[in-house]
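Contents: one structure, followed by commentary.
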Amino acid sequence: MAYDHRSIEHTWQQRWEDEGLYRSRVDWNRPKHYALTMLPYPSGDLHMGHWYAMTPSDARARFMRMRGHNVLFPIGFDAFGLPAENAAVQRGVHPAEWTWKNIDRMRTQLRSMGAMFDWEREAVSCDPSYYRWTEWLFKQMVEHGVAYRGEAMVNWSPTLQTVLANEQVIDGKDERTGQPVVQKMMEQWFFAITRYADELLDFDSIDWPDPIRLMQTNWIGRSEGARVDFSIAEGPAAGEPLTVFTTRPDTLWGATFMVVAPEHPLLAEITTDDRRDEVTAYVQAASRRTELERIADDRDKTGVFTGGYAVNPVNQEQIPIWVADYVLISYGTGAIMAVPAHDQRDFEFARRFGLTVAPVIHPEGGDPLDEPAMTESYVGPGVMINSGPIDGVTVNDLKGRENPSVAAAIDWLVEHGAGEESINYRIRDWLISRQRYWGSPIPMIHRADGTVESVPDDQLPVVLPEDVPFDGTSPLARTPSFTETVDSDGNRARRETDTLDTFMCSSWYWFRYLSPAYDGGAFDPEEAAYWLPVDTYTGGAEHAVMHLLYARFFVKAMRDMGLFDAAATGMTAHGRDSDGLFDEPFLLLRNQGQILGEDRTGDRVVVSGEEVGTRVLADRVVVDAGAADDAGVVVGELLRRTENILQVSTAAGRVTVEVPETAVVEIPSIPGPNDVNQLRHHLEIQRMSKSKGNVVNPDDLVVEYGADTVRTYLMFAFEWQKGGPWNSQGIMGSRRFIEDVWKIGTIEYQPEAVSGDASAQLRRRIHQTTARVESGLEAFKFNTSVAALMALRNDLTEAARTGAVDPQVWSEGVDTLLKLLAPIAPHVTEELWRRRGNDSSIHLVAWPVSDPEIAAEETITMVLQVNGKVRDRVDVPADITEADAEAEALASARIQEWTEGKIVRKIISRPPKLVNVVVS
RNA sequence: GCCCGGGUGGCGGAAUGGCAGACGCGGCGGAUUCAAAAUCCGCUGUCCGAAAGGGCGUGUGGGUUCGAAUCCCACCCCGGGCACCA
């Protein structure tokens with residue numbers, strides 16, 4: 001009976017659905033396990049990346065279930081976002097229609113995986129029943145002061161006609177489109193994520209990969225130091241403080257000038273009249289430059305003198321104030337004290353503009369700094385000099401108060417009222433307003449008097465109007481039926497027309513999964529009490545600082561707003577200690593790598609034609625001409641093709657070939673008339689993309705090989721956390737494996753010359769395999785689990801051929817193979833399990849237990865070494881004593897050969913693994 | 001520039017400081033076949049050797065150790081993150 005994946009997979013997917021096999025229900029008598037995979041964006045097609053992310057997660061969730069956990073493994077869609085709106089602009093399809101159609105299609109594709117998703121818990125973020133609670137959560141944030149409206153310098157994307165969060169801007173460009181972003185002052189809604197900066201730096205209670213923790217730590221960017229008030233010396237602002245943040249207050253006595261950012265509020269008052277034109281020109285030039293241009297420019301510092309001076313509070317010295325764009329308004333106070341002797345940026349600026357450099361640190365174990373000769377700043381350890389009260393204090397390489405000189409300076413500042421100890425963060429508050437249509441509306445109303453009020457809860461959600469213009473910026477703002485409303489006093493008012501950053505939708509979705517239809521709140525506290533928090537979260541590392549940081553912030557804010565109080569009470573009622581369970585969203589996080597396109601060699605082309613200048617004008621191009629090679633003027637591999645221009649790698653080097661329309665193109669492998677566009681060029685390993693033509697479609701693979709084979713291959717062929725290039729031949733290995741399992745599961749076993757040894761050996765392998773598969777699944781090293789199963793397949797195939805094992809052991813072997821493989825290849829194992837006479841699903845049976853005593857080898861091949869080199873091997877009992885092991889080694893003829901005539905210095909005996917005889 | 005992660009056969013990858021290369025792909029040889037595909041059996045790091053066996057071998061150089069892919073130091077290369085953060 002042949003293995004037919006099509007009927008098997010279809011049948012079981014249907015039956016599991018009908019029987020509700022994957023419905024998860026609260027059951028306080030069983031331990032729970034909340035396994036979560038990052039929800040997909042409904043782009044239209046499930047690609048290999050989705051399969052690669054989800055099927056191993058599914059396998060692990062199934063494994064946890066077989067181990068006795070009550071597992072929740074939900075799925076949904078992150079359905080708001082720009083691509084839907086672009087589709088509307090470009091193709092005239094309404095975003096809602098486009099999105100829901102994609103979701104429909106992707107649901108079908110997701111079902112073809114055979115994953116244990118509980119579809120009753122599906123949540124879709126663009127559904128009003130979902131975004132009602134996104135809006136409600138926003139309101140909660142407003143009411144608790146976590147969300148606020150503020151004027152700030154924002155990242156404006158002229159291309160997208162919207163603002164972006166800091167996290168969405170990379171190198172001064174929008175991280176999605178790569179288009180430049182400019183700075184602009186705007187009033188927008190923010191979440192006060194900075195308030196949680198310190199708590200977000202604490203990862204002690206969660207098991208997350210180090211790189212992610214590091215990236216978040218760097219992103220938050222905590223710096224310890226001091227705020228110091230300099231005072232403006234003259235002019236309209238005379239006597240006013242000019243505050244700076246510094247991590248090196250110990251170098252205050254070396255401050256020789258100050259620099260303010262071009263946007264600094266006090267700049268105009270500081271600037272003297274004779275300098276005003278120059279300063280104004282500089283500020284204007286700076287504002288015109290995008291972030292991108294500032295980076296693209298050579299790093300030479302620019303700036304101008306304001307004419308103003310400030311008084312250094314530590315020594316009353318007057319120092320000049322400059323304006324320069326290397327000081328950023330968005331960090332610290334937007335003004336710095338410059339200590340050129342001990343800060344490289346300040347040093348470069350000072351040298352360029354001829355400003356004073358005054359060393360205040362005597363380098364450790366070196367000569368005093370020779371100011372005129374210095375070519376770079378000194379940032380190492382030493383001893384303070386020329387610094388009045390802190391002279392002689394040690395300077396080390398540590399940060400903050402751990403550096404004695406910094407501690408001494410802070411103490412002095414505080415004592416003299418000149419400054420205060422301060423911590424500064426790189427992270428900014430999260431800007432959540434977007435001037436887009438396809439997002440959750442912000443449930444706020446602008447009253448005629450300029451104040452803002454929220455839409456009452458019983459009027460939520462504010463529903464997106466359907467009929468809006470999709471031909472430019474902010475469709476909602478241009479839809480009067482939406483914007484015109486009345487406030488709580490019945491006066492005419494205007495609705496907020498910005499929508500929420502879609503990252504907000506994905507910052508709480510795993511709560512909605514618990515009870516997607518619940519209308520008494522964002523989630524049902526009864527469900528939350530049982531299922532929360534998420535035990536295992538899997539997804540791509542590209543979300544390291546956005547989604548994963550926002551999600552952590554959300555949970556902390558929700559906790560502080562009391563949104564988990566009811567759930568905590570429920571936990572306590574069931575005897576579960578809720579302490580600390582609502583501090584973090586995901587207890588364990590693991591990231592999968594990325595599947596890349598396959599390496600591909602280009603067509604071997606034989607071109608005939610004539611040379612015209614530097615290129616060859618073809619009249620005939622033949623692919624794989626074989627013996628007819630000599631006919632060509634150009635023969636080689638096609639490296640690149642741009643329209644009809646070919647780059648061919650030949651023995652003599654690279655040649656450019658132009659293929660006019662009149663030329664004949666012959667590709668034997670493609671029937672019918674061929675044209676130049678069908679030539680395949682060389683492709684390096686890189687991301688899959690339609691334009692490169694290296695996309696592997698999982699749907700096609702499922703049709704050809706079956707979901708079980710695709711799942712097995714994805715788990716076997718890569719180190720999951722690393723990923724790598726696709727290999728179209730490799731999948732056959734997994735297909736053969738599944739077919740072999742089918743054979744093993746369907747043959748009639750014929751015992752012949754049954755031997756006790758062979759039976760015991762197979763039992764040993766069964767129990768060893770169980771342990772190996774288990775540890776692989778636990779540790780996300782799925783490839784080792786599959787490898788172990790393939791090895792068991794080999795043992796069982798051998799057993800079937802020889803007939804040497806006891807029928808009972810054979811049967812145990814087959815059953816164990818099926819159970820261990822069930823999480824990975826759920827369909828074929830279910831089919832075989834039932835055929836073997838079992839009435840209920842294999843996915844409900846208990847995970848096999850590996851008995852260490854049965855798994856233990858009786859005899860082990862012991863390695864005999866001389867001076868650490870393997871010279872012989874002997875089979876010894878597993879419980880051999882150290883003395884016997886040594887005796888075995890010395891009795892070995894081969895060891896004797898190698899030790900003959902030498903003096904045995906010592907013998908390292910590690911029974912039963914090895915004996916190392918050290919001679920000289 | 002700074003901070004991470006990683007370099008193991010032709011390829012994907014295994015390996016609590018103890019037999020490097022499990023498992024698979026590919027390749028080679030054989031069986032089967034009219035033939036091919038599929039399937040089955042065997043071999044497959046590299047060099048020397050008829051073989052027995054031996055030399056070399058986990059990016060490079062050094063170190064620790066009886067013993068290093070694994071630990072330490074320096075360097076090279078690849079991937080990722082941040083990037084004038086005071």
Side-chain angles (χ1 to χ4, degrees), chain A residues 170-172 209-219 221-223 225 244-249 251 258-259 261 294-295 297 299-301 324-328 330-339 342-346 348-349 424-427 541-542 544-545 593-594 598-599 712-713 716-719 721-734 736-737 739-740 743 772 776 781 783-794 797 801 860-873 894 897 905-910 913-920:
Chain A
I170 310 284
D171 278 349
D210 282 344
I212 304 284
R213 294 156 60 134
L214 259 152
M215 275 189 245
Q216 293 203 353
T217 301
N218 291 340
W219 186 263
R222 179 189 156 105
S223 306
V244 302
F245 171 78
T246 176
T247 54
R248 296 300 303 270
T251 62
M258 297 186 78
V259 185
R294 270 167 66 160
I295 291 159
D297 274 358
R299 289 259 179 124
D300 280 349
K301 307 244 177 318
D325 66 4
Y326 82 92
V327 173
L328 311 174
S330 56
Y331 186 79
T333 62
I336 61 157
M337 64 164 191
V339 184
H342 306 295
D343 180 286
Q344 187 57 25
R345 295 155 304 184
D346 298 344
E348 285 165 21
F349 193 80
N424 198 61
Y425 300 91
R426 198 189 88 110
I427 192 173
E542 67 272 19
V545 285
Q594 202 174 39
E598 192 166 11
D599 189 50
T712 304
Y713 181 59
F716 174 66
F718 309 87
E719 200 184 325
Q721 315 206 24
K722 188 174 151 204
W726 182 257
N727 177 336
S728 52
Q729 287 175 319
I731 194 168
M732 271 315 296
S734 298
R736 281 182 211 128
F737 168 60
E739 283 175 3
D740 289 346
K743 279 177 211 153
R772 286 183 63 196
K781 299 176 101 178
N783 52 346
T784 63
S785 294
V786 179
L789 287 166
M790 286 177 168
L792 182 60
R793 173 266 315 258
N794 293 343
T797 304
R801 197 169 51 172
I860 286 177
T861 303
M862 187 167 73
V863 174
L864 304 180
Q865 301 179 324
V866 176
N867 286 351
K869 285 202 179 272
V870 180
R871 297 304 180 188
D872 200 5
R873 299 179 175 88
R894 308 251 314 111
E897 268 174 52
R905 295 286 173 200
K906 73 173 134 169
I907 299 175
I908 313 283
S909 187
R910 294 277 178 277
K913 278 183 164 174
L914 104 169
V915 175
N916 184 11
V917 182
V918 183
V919 298
S920 62

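We name chains A, B, ... by the order of the sequence lines, and we start the count at 1 in each one.
- Using a 4.0 Å heavy-atom distance criterion, A/Gln344 is classed as making no nucleic acid contact.
- Here B/G10 sits opposite B/C25 as a Watson-Crick or G-U wobble pair (both hydrogen-bonding atom distances under 3.5 Å).
- At the heavy-atom level, A/Gly730 lies under 4.0 Å from the strands shown only through sugar-phosphate atoms.
- Taking only side-chain nitrogens and oxygens, A/Arg793 comes nearer than 4.0 Å to OP1 or OP2 of B/G24.
- Rounded to a whole Å, the CD atom of A/Gln594 is 20 Å from the P atom of B/C78.
- Nucleic acid contact class of A/Gly723 (heavy atoms, under 4.0 Å, all strands): sugar-phosphate only.
- Here B/G61 is in the anti range [glycosidic angle more than 90° from 0].
- In this structure B/C82 sits in a base pair with B/G1, meeting the Watson-Crick or G-U test at under 3.5 Å.
- Closest approach to the A/Lys743 side chain among B/C41, B/A86, B/U39 is made by B/U39 (side chain taken as heavy atoms from C-beta onward).
- Put simply, CG on A/Asp325 is 17 Å from P on B/A86, counting in whole angstrom units.
- Counting to the nearest Å, the C1' atom of B/G24 and the CZ atom of A/Arg736 are 9 Å from each other.
- For A/Asn794 and B/G24, the shortest distance from a side-chain N or O to OP1 or OP2 is below 4.0 Å.
- Judged by atom type and distance alone, A/Lys913 does not reach the base of B/C19 through any side-chain donor-acceptor pair under 3.5 Å.
- Under the Watson-Crick and G-U wobble criteria, each requiring two contacts below 3.5 Å, nucleotide B/A31 is paired to B/U39.
- Checked against B/A83, B/C66, B/C19, the side chain of A/Arg910 finds its nearest nucleotide in B/C66.
- Atom-to-atom, CE of A/Met732 to P of B/A37 comes out at 13 Å; the value is rounded to the nearest Å.
- Annotation: side-chain hydrogen bond (donor to acceptor under 3.5 Å, both in side chains) contacts of A/Arg905 (sequence neighbours excluded): A/Ser920.
- Across all strands shown, A/Asn783 has heavy atoms under 4.0 Å from sugar-phosphate atoms exclusively, and none from any base.
- Listed pair A/Arg772 / B/A15 fails the phosphate criterion, with no side-chain N or O lying under 4.0 Å from OP1 or OP2.
- Distance check on atom P: B/U70 versus B/G59 gives 8 Å, rounded to whole Å.
- What separates CD of A/Glu719 from C1' of B/G79 is a distance of 13 Å, to the nearest Å.
- At whole-Å resolution of the value, CZ in A/Phe716 and P in B/C25 are 8 Å apart.
- Proximity of A/Lys906 to the phosphate of B/U65: no side-chain N or O atom is located under 4.0 Å from OP1 or OP2.
- At the heavy-atom level, A/Ser734 lies nowhere under 4.0 Å from the strands shown.
- Ring geometry for A/Tyr713 against A/Trp726 counts as perpendicular: the plane angle is over 60°, on a 0 to 90° scale with 30° as the lower cut.
- Between the CE atom of A/Met337 and the P atom of B/C84 there is a distance of 20 Å, given to the nearest Å.
- As the counterpart of B/G53, B/C48 is assigned, both hydrogen-bonding distances of the Watson-Crick or G-U wobble pattern falling under 3.5 Å.
- Phosphate contact (OP1/OP2 of B/A86, side-chain N/O of A/Ser223, threshold under 4.0 Å): present.
- Across all strands, A/Arg871 comes closer than 4.0 Å only to sugar-phosphate atoms, never to a base (heavy-atom distances).
- Residue A/Met790 holds its CE atom at 10.5 Å from CG of A/Asn783, rounded to the nearest 0.5 Å.
- Atoms NZ (A/Lys869) and C1' (B/C66) sit 14 Å apart, rounded to a whole Å.
- Listed nucleotides: B/C23, B/C84, B/G26. Nearest to the side chain of A/Lys301: B/C84.
- As judged by a 4.0 angstrom heavy-atom cut-off over every strand, A/Val863 is placed among the base-contacting residues.
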field: Contact state string [nucleotides 1-10 of chain B, B base, S sugar-phosphate only, - no protein heavy atom under 4.0 Å]
entry: --SS------
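- Using a 4.0 Å heavy-atom criterion, one finds that A/Arg222 contacts no nucleic acid atom at all.
- Using a 4.5 Å cut-off on side-chain heavy atoms (C-beta onward), A/Asp346 and A/Gln344 make no contact.
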